[in-house]
Amino acid sequence: MENIISLIVEYSVGPIGKQFGYLVFYKSSIATLEEKFRRALEKKEAVQQSVNGAQWNQEVVASEVKTWLTNVEKKIEEIQKFLGEDVKANRMCLNGWCPDLKLCYSLGKKAKKNTQAIIQLLEEGEKYDRVYNIAPPLKVRSPSTELFKDFESRKSTIQNVLNALKNDNIDMIALCGMGGMGKTKMAKEIKRRVESDNLFHKVAITVVSQNPNFIKIQGELAESLGTRLKAESLQGRADELHSILTENKKVLLILDDVWKPLDNQDIEDIGVYYAFKEKSCKILLTSRNGEPSNGIEIHETFRVDLLSEEEAWNLFVEMTGDCVNSSDLISIAKQVAKECAGSPLAIATVGGALSNKSDKNEWKAALQQLKMSIPQNINGQLKVYSNIEFSYNYLESDEAKSCFLLCCLYPEDYDVPIENLVRYGVAKRFLKGLGTVEQTRVLVHTIVKNLRRSNLLLDSNEKECVKMHDVVRDVDISIASRDENGFMVVLHEGLEEWPQKDRYDSYTTISLLLGEMKWHPTELKCPKLQLLQLLCLNLSKTFPDNLLDGMKELKMLCLQNSYFTLPTLPPSIQILQNLQMLNLQHCSLGDVSVIGTLGNLEILGFPDCDIEELPSEIGNLSRLKLLDMKECVFLKQIAAGVLSNLSRLEELYVGGFNKWGCRTTMEANGEVKANNASLVELIPYSSQLVVLEISVPSICYLPKELHFSNSNFRFRINISINDIPGSDGSLDERYLFENSLKLEVEDASDLGEHQTIRSLLKNAVVLNSDIEKNWKHIWFEKEEKEILPCNLKCLTINRCEDLEYLLEATSDSTPPNSFHLLESLSLHYLPRLIGICKSTDSVEVEREGSSASTTVAHKLFSSNTILWVPNLKRLIVGDCGSLEVVFDLEGLKVKENRKPILAVLSELTLWDLSWMSHVWKNIPPGFQGFQNLTLIDIMGCGSLRNLLSASIAKLLVQLQVVTIRDCNLMENIIQREYEAGEERRAYILSNDAHSLKWPSIKSINLWECPKLKTFGSEVRNERKLRKPRAKEPSSGSFPARESSGLFNRCLESCVSRHRNYSPAQGKSNSINKEITLTKEEEQNVSETENQAKMLSLFQYNMIESLENLEELSIHLCDSLEVIFELEGLNAEESNIFNNLTVLSLIYLPKLLHIWKKDPRDIKGFNYLRLLRVWECGSLKCLFTPSIAKLLVKLEEIEVYSCNEMEEFLGKELGDEENRDVIAFPLVKTLKLGNLRKLECFHTEDNHAFEWPSLDKITIVGCPKLKMLVSTSTKTPKLKGVHMKSRTFQPMVEGDLNATIQHIIKGEGLNQFSSPPFYDIRSYEAGYDKDVFDF
């Protein structure tokens, strides 16, 4: 019997004892695991270092070592998760607070198993101790890194580079900017940050320089990577470097100071190309060149620009010392700093030269030298200038150097017109005397583009202009002033006297900035002078008669932006028989007939001149190539016969003149008899014209026989009944315009067989048509295919009463190519328009797998025509009353490899489309398109109930602005789709179809939508909602496969009494992932869903989709009750609307809550600056204390005519005992008007308030207001209270409540103000900014 009992005990207690061991010794098991885990980490790091060393020295590492590393890495991750989640989450329970025996058993068992696995891996790892290891070289900190200045302007650029480096799709990045901007220092700082953040395994840097030495570059890269190259040949070293890079999959290579654009062969010679292509490395370039690669795609280019004024001054003070802050020096020091123009290198060198100099005269001399461009006399300044001069010397052509030098003829910070450089280039024979003006223009624009890339020139905000950095300009003047160039440039002040020099015979180019010239040498001899440019500061009525006498060789004369009033030109101009270019700009001119004597003149310009007549003598200029009379709005007459005599004319600009003679044919003898020139005069040489810009009042003024056959012919022709020059945009300063035709005709039948019009239509790039009658289709493909434009980019059609389609096509024709380049389409006042194209036969469309025939009607774009405009960027449709749908894609087949449809459309504007019921309709499953749409603007579309479907909404990842105005039936912006069909319904209800993210959204404006209910209808996103409490896990939910039945039953009976007290329930998902809801909780969730269907603009499930929203304005939306519905948000994960800065709510009569049911711990709204609430008659308070505490950046609060508002700060459940101080740290302005029931800011006395920045408070029409708050409030900056009629009550006893009481005792706060002037369109235009200024 004893033997039997012992056998039973042996077979039962053994397994059970093991199981009880997990339970009894769980704490020591976890402690042992933690100790072994630390040892495993150390061992793994040691082996990895050995492997790294072997790889860098081209040693082969055994595969078993790599396998061990993989296994140990996997096990480390597993244990890290166990210790960091399961053990940590249940630490309180393990320490005896509420011991859950089953939990202790599970953790003990897992700890024991993981410990055994770690011991086995450690034993195996012992044999890898001898893996070769190399000590990495010590890093020497670069002095330049020490000197890196963390300017705000550099911070953002560096962060952008770091973000780009983290992007898996970006492999090559460039930092570009002018010499001396600090690109190298920034690159080294990026290297430091990358290494600090462990973004790459290794970072290597090398200097490429002007003349790259590839052997040296390879060596520097290898050394940065911790090894040396053994091969001597270029190819051998390239192979070695390639092996190093591919062995270590994540390397950043920094190629600094790239001059010549690198191509594929260059980086292949270095040994980087294939590693780069295999994504083993990324490349960061720094260069002065805006395009530092040739044939290699640079995914991101970041410009390093000048320092801001504040940054520049701070650096200047640091370089010069505190002496500049003395009262004697600070003014002049700031002028010196300004002369450095934000260039870090210029500031550093100039500041270093003046370091600790306290002599005011020394500073004055420095300033004078900087202004006069004499850098040689300032120690160290040459270093700045030598960088720039080196860039100049590096220019490849004489023409490029000439263009650069010509840019110094203009004052500092001047917008240099490129067209002026073109005309100088013609006279200077850039094309060696051959070619047209247009060919020179192409050359000069190419040169300017390259000068921009070299950072010698800067972009300008003005069209077709460039700017020059002040320091670069100083170098330019310095170079130009040398004897070999012979420039004299005096532009720093308005001269009253001609600059006095001993001799003028060496000057080739003179540019002066004049005041009222009172003196010039009587015998001014400039025998070598070829270019004279005079700019005038003030209105001048005099121009010396004999000024030009000594300038017989002059080829170019320009009075640029001059204010000369010249009834007649000076007689000395007749001496200039070599003159090739004459440009008189912004002058008041009388008789200019003397110009007709200048027989060699090729370029003649009167842009923006007050001139009334172009006399017949101008017809004597037989060599004239270009005549420019842009913006001559007072021009009344061009003498008849002038144009016919200009037989070599290539370019004619007279867009502001429309008083042409109405002769359409020439007389028999070839003469035209009329007072004013007729365009018939252009017929004989119309084939040689290259550029023509004209305006005519009617089609009858445009001859039918004009043959513009030059292949490079460009035109801008305005045929308009409107006789006000410039009112139609004809006064455009650009010279590089594309072929533009404005065609305003009352009746289409007037066009007839007008061959000139047909020719212009065919070649138009920009077409604006305004034909009132008898034009049902603009083009007829079958009958008039030869006039279809092939290069149309911009099409505008206005006021065509009969227009139904843009195009009529036959059913068997291929899609037209008229629109394949179209970028902008504007359709206005077309009451009968019903589509893009009419077919004589029906169009076949697909419906649910079957084919059917129907007629395309009342839809602007069908599934066919939408494919005709792949490059459309802007679509504007207005007052086209017959349209019902804009994009109807019924029948569109979704193909796997098809490019997204309308993928570049960025702007969509629709207005006054009274019958439009859908913008998008019949969107097929899987459709892709509209990804680059940034702006949607809808106005006056009275039949539109929603803007777009969820399937379209999720595509609009670039959307920035949404504006909806005056849409009376609009109920929601994003609508769930209800199309039939099980397959389609399944797609619509899927997460993919309903997940929505608008990461680029900046502004939402919803105005005059009285039926608007919500922004999104049942649209989900990926935000985790507030989690319901998990139901108590069932006792049988824990696995116990290895436990014997006897042990399992014992354990169950042990833990059953403790399970209700475990804080780990619902958290330890690794132990039990089953979560169920009780009936009560299901009911609560159901109630939450029902509440979300209330009239809330933003329900909780839409909030994350709009996290980058900056401005929100909701006006005149009668149905809205809530703006932000926050119930349902997971407060722990919320950080919502943290980019919102402006919230404007006007005339929302049913609004009950701005923020509804806010969770206590919610985060967000931290950057709201303006809160405007007007005419919200049901609103009782602005916000609760928990919301108020979020508004730390709020600067202005406006509340007007909210008749039910009793307090600003509403009551909040559980807030009664809260004694927190509520501060509005940045609020400067508080405006309260016509608040009939407002008693105080907060009726409770549990909160004190602080307003440290408040300096203006306006209170009008608040009859019940007795005090601001019943507790203490601090307003240290407030001087008083503004009231109606601009009255002001100073502070009483320094206390706001006392001040309000004083006002009440006097005239009181009963006077109501009249309603602010409010109009939706004036608000949009910004006219009502001060409507609250009573």
Side-chain angles (χ1 to χ4, degrees), residues 310 1110-1111 1140-1146 1154 1165-1174 1181-1183 1185 1187-1202 1205 1207-1209 1220-1235 1238-1242 1247-1262 1265-1309 1311-1313 1316 1326-1334:
E310 182 181 1
E1110 295 178 1
E1111 296 186 8
L1140 188 67
T1141 59
V1142 175
L1143 177 58
S1144 178
L1145 308 174
I1146 296 178
I1154 301 175
F1165 297 98
N1166 296 150
Y1167 285 85
L1168 187 65
R1169 299 185 184 278
L1170 169 63
L1171 176 59
R1172 174 185 288 133
V1173 183
W1174 295 354
C1181 72
L1182 277 184
F1183 35 62
I1187 289 294
K1189 293 173 185 177
L1190 300 177
L1191 308 180
V1192 293
K1193 294 291 179 69
L1194 194 62
E1195 296 177 0
E1196 185 172 352
I1197 303 174
E1198 296 180 3
V1199 187
Y1200 180 87
S1201 284
C1202 297
M1205 185 167 289
E1207 57 183 343
F1208 273 23
L1209 196 68
D1220 291 347
V1221 174
I1222 296 180
F1224 295 92
L1226 298 180
V1227 170
K1228 297 179 180 179
T1229 305
L1230 180 60
K1231 299 178 180 180
L1232 315 177
N1234 289 11
L1235 305 176
L1238 183 68
E1239 296 182 4
C1240 73
F1241 192 87
H1242 186 43
H1247 291 291
F1249 294 86
E1250 294 180 357
W1251 306 78
S1253 302
L1254 186 66
D1255 59 16
K1256 182 177 181 180
I1257 182 169
T1258 302
I1259 305 176
V1260 177
C1262 301
L1265 185 66
K1266 305 302 180 187
M1267 63 182 70
L1268 190 68
V1269 292
S1270 59
T1271 57
S1272 66
T1273 183
K1274 297 180 181 179
T1275 57
K1277 292 187 177 181
L1278 194 63
K1279 303 299 181 184
V1281 176
H1282 295 263
M1283 298 171 287
K1284 187 170 175 61
S1285 303
R1286 301 185 184 275
T1287 56
F1288 178 75
Q1289 171 60 51
M1291 292 289 280
V1292 175
E1293 301 176 0
D1295 181 71
L1296 182 56
N1297 283 339
T1299 307
I1300 294 175
Q1301 292 292 326
H1302 180 80
I1303 295 172
I1304 293 171
K1305 290 177 182 177
E1307 63 180 84
L1309 297 170
Q1311 289 185 335
F1312 289 88
S1313 68
Y1327 297 142
D1328 70 332
K1329 292 180 180 177
D1330 298 318
V1331 296
F1332 218 110
D1333 194 4
F1334 301 117

Please report the closest heavy-atom contact between [X] and [Y], naming both atoms and the distance.
X       : Y       : value
Met1267 : Asn1297 : CB-OD1, 3.4 Å
Cys1202 : Val1173 : SG-CG1, 3.9 Å
Pro1185 : Ile1222 : CB-CD1, 3.9 Å
Ile1146 : Arg1172 : CD1-CD, 4.0 Å

Holding to salt bridge (charged side-chain N to carboxylate O under 4.0 Å, His left out), I want the full list of residues that pass it with Glu1110, two or more places apart in sequence or in another chain.
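Residues passing salt bridge (charged side-chain N to carboxylate O under 4.0 Å, His left out) with Glu1110: Lys1002.
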For Glu1195, which residues count as a salt bridge (charged side-chain N to carboxylate O under 4.0 Å, His left out) partner, sequence neighbours excluded?
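Result, salt bridge (charged side-chain N to carboxylate O under 4.0 Å, His left out) vs Glu1195: Arg1169.
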Can you tell me how far apart [atom1] ([X]) and [atom2] ([Y]) are? Round to the nearest 0.5 Å.
X       : Y       : atom1 : atom2 : answer
Leu1168 : Thr1141 : CG    : OG1   : 7.5 Å
Leu1190 : Asn1166 : CG    : CG    : 6.0 Å
Ile1257 : Thr1229 : CD1   : OG1   : 10.0 Å
Lys1228 : Lys1277 : NZ    : NZ    : 7.5 Å
Leu1171 : Ile1197 : CG    : CD1   : 6.0 Å

Excluding sequence neighbours, so at least two apart, what forms side chain to side chain contact (heavy atoms under 4.5 Å, CB included) with Cys1181?
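Checked Cys1181 against side chain to side chain contact (heavy atoms under 4.5 Å, CB included); matches are Glu1207.
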Among residues at least two apart in sequence or on other chains, which ones pass side chain to side chain contact (heavy atoms under 4.5 Å, CB included) with Lys1266?
Gln1301, Ile1304
Ring pair (Phe, Tyr, Trp, His ring centres under 6.0 Å) partners for Phe1183, two or more places apart:
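Counting only residues at least two positions away or on another chain, Phe1183 forms no ring pair (Phe, Tyr, Trp, His ring centres under 6.0 Å).
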Residues that Thr1273 engages under side chain to side chain donor-acceptor pair (under 3.5 Å), provided they are two or more places apart:
Trp1251
For a 4.5 angstrom cut-off between non-hydrogen side-chain atoms, does [X] reach [Y]?
X       : Y       : result
Ile1154 : Ile1187 : no
Leu1265 : Leu1235 : no
Tyr1200 : Lys1231 : no
Leu1238 : Phe1208 : yes
Leu1226 : Leu1194 : no

Does [Y] offer a backbone N or O that forms a donor-acceptor pair with the side chain of [X] under 3.5 Å?
X       : Y       : result
Ser1253 : Val1227 : no
Asp1255 : Leu1278 : no
Ser1201 : Trp1174 : no

Below 30° counts as parallel, above 60° as perpendicular, anything between as tilted: where do the rings of Phe1288 and His1282 land?
tilted
Can you name the one residue among Leu1140, Val1142, Leu1143 that meets side-chain contact (heavy atoms from CB on, under 4.5 Å) with Glu1111?
Val1142
Should the heavy atoms of other residues, nucleotides or ligands under 6.0 Å from NZ of Lys1193 be counted, would the total exceed 12?
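Above 12, so yes.
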